[in-house]
Amino acid sequence: MTQEQIRENGKKLLLEIRGARLSSVQFVLDYLILGFDEKGALTTLVWPEITSEGATLSFGTPGYRDQLCDFITRVVENVKICDDETMMIIFKDQSQLTMALRTYKGSGERAIFTAPKHRLFAW
């Protein structure tokens, strides 16, 4: 299997959250877990940039965590993963969460999507 095929498999798995609500936001030390109804959970070591109502917030900005929690119950419209490994979760109200995975300075996985039936993909 080529690297391109592997990336496509991850993208297909992540696309399963389309139509699901963001149902949980869990802050765990230095990473974040986003739960999507019963469609899966995205664990990320890259804090998402939040875009909503024309404003953008980054991790560390006052109100960042509150704004992220405000996304709970929003419905996912689409998911994009660009060639530069930027992951975007776009909601029906056109707000979005953007994670530039290549900005992570550590080694190993930067994000892991865990889906039902023991399926997962790591970036």
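This one's a predicted model, so the numbers in the text were calculated from it and none came from an experiment. Note that these values count all heavy atoms, side chains included, but never hydrogens, waters or copies made by symmetry.
In this structure the side chain of T86 never reaches within 4.5 angstrom of the side chain of I81, judged on heavy atoms. Between S58 and W47, every side-chain heavy-atom pair lies at or beyond the 4.5 Å cut-off. Side-chain contact between Y104 and T44 is absent, with no heavy atoms from C-beta onward closer than 4.5 Å. Under the 4.5 Å side-chain criterion, counting only non-hydrogen atoms from C-beta, V76 is not in contact with L22. Between S95 and R74, some side-chain heavy-atom pair lies under the 4.5 Å cut-off. Two residues are said to be in side-chain contact when any heavy atoms from C-beta on lie closer than 4.5 Å; I72 and S23 fail this criterion.
There is a path of hydrophobic side-chain contacts, each under 4.5 Å, that joins L42 to Y31. Both L57 and L34 are assigned to one and the same hydrophobic cluster, defined by single-linkage of ILVMFWY side chains at heavy-atom distances under 4.5 Å. One hydrophobic cluster, built from ILVMFWY side chains closer than 4.5 Å, cannot hold both V75 and V25; they sit in different ones. Connection of L68 to L101 is established within a shared hydrophobic cluster, with ILVMFWY side chains joined at heavy-atom distances below 4.5 Å, either directly or through further cluster members. Residues I6 and I112 are members of separate hydrophobic clusters, defined by side-chain heavy-atom contacts under 4.5 angstrom among Ile, Leu, Val, Met, Phe, Trp and Tyr.
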Exercise. Report the C-alpha separation of M88 and M99 in whole Å, then their side-chain angles, then the decisive distance to 0.1 Å, and conclude whether the side-chain contact (heavy atoms from CB on, under 4.5 Å) test is met.
Key: CA-CA 6 Å; M88 293 175 279; M99 290 145 283; over 6 Å; no
Quiz item: Please walk me through it: do F113 and L120 pass side-chain contact (heavy atoms from CB on, under 4.5 Å)?
Solution: CA-CA 5 Å; F113 182 69; L120 67 88; over 6 Å; no
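Here the OG1 atom belonging to T43 is positioned 8.0 Å from the CD atom belonging to Q26, to the nearest 0.5 angstrom. The distance from atom CD of E8 to atom CD of Q3, rounded to the nearest 0.5 Å, is 12.5 Å. Note that NZ of K11 and CH2 of W123 are 11.0 Å apart. Values are rounded to the nearest 0.5 Å. Annotation: the span from N9 atom CG to L13 atom CG amounts to 8.5 Å, rounded to 0.5 Å. The distance from the OG atom of S52 to the CZ atom of F91 is 10.0 Å, given to the nearest 0.5 Å. The distance from atom CE of M87 to atom CZ of R110, rounded to the nearest 0.5 Å, is 8.5 Å.
Other residues, nucleotides and ligands contribute more than 12 heavy atoms inside 6.0 Å of the CD atom of Q5.
Judged by distance alone, the side chain of N78 and the main-chain N or O of I90 form no donor-acceptor pair under 3.5 Å.
For the 3.5 Å distance criterion, the side chains of Q96 and T98 qualify, holding a donor opposite an acceptor.
Using a cutoff of 4.0 Å between basic side-chain nitrogens and carboxylate oxygens, D84 and R102 are not scored as salt-bridged. E85 and R7 are not joined by a salt bridge, as no carboxylate oxygen comes within less than 4.0 angstrom of a charged side-chain nitrogen.
Using the six-membered ring where Trp is involved, F59 and Y64 have ring planes that are perpendicular, over 60° apart on the 30 and 60° scheme.
Summarising the geometry of K39 relative to P116, their closest heavy-atom pair is O-CD, 3.2 Å, with the distance given to 0.1 Å.
Judged by the 6.0 Å distance and 45° axis criteria, R65 is positioned over the aromatic ring of F27.
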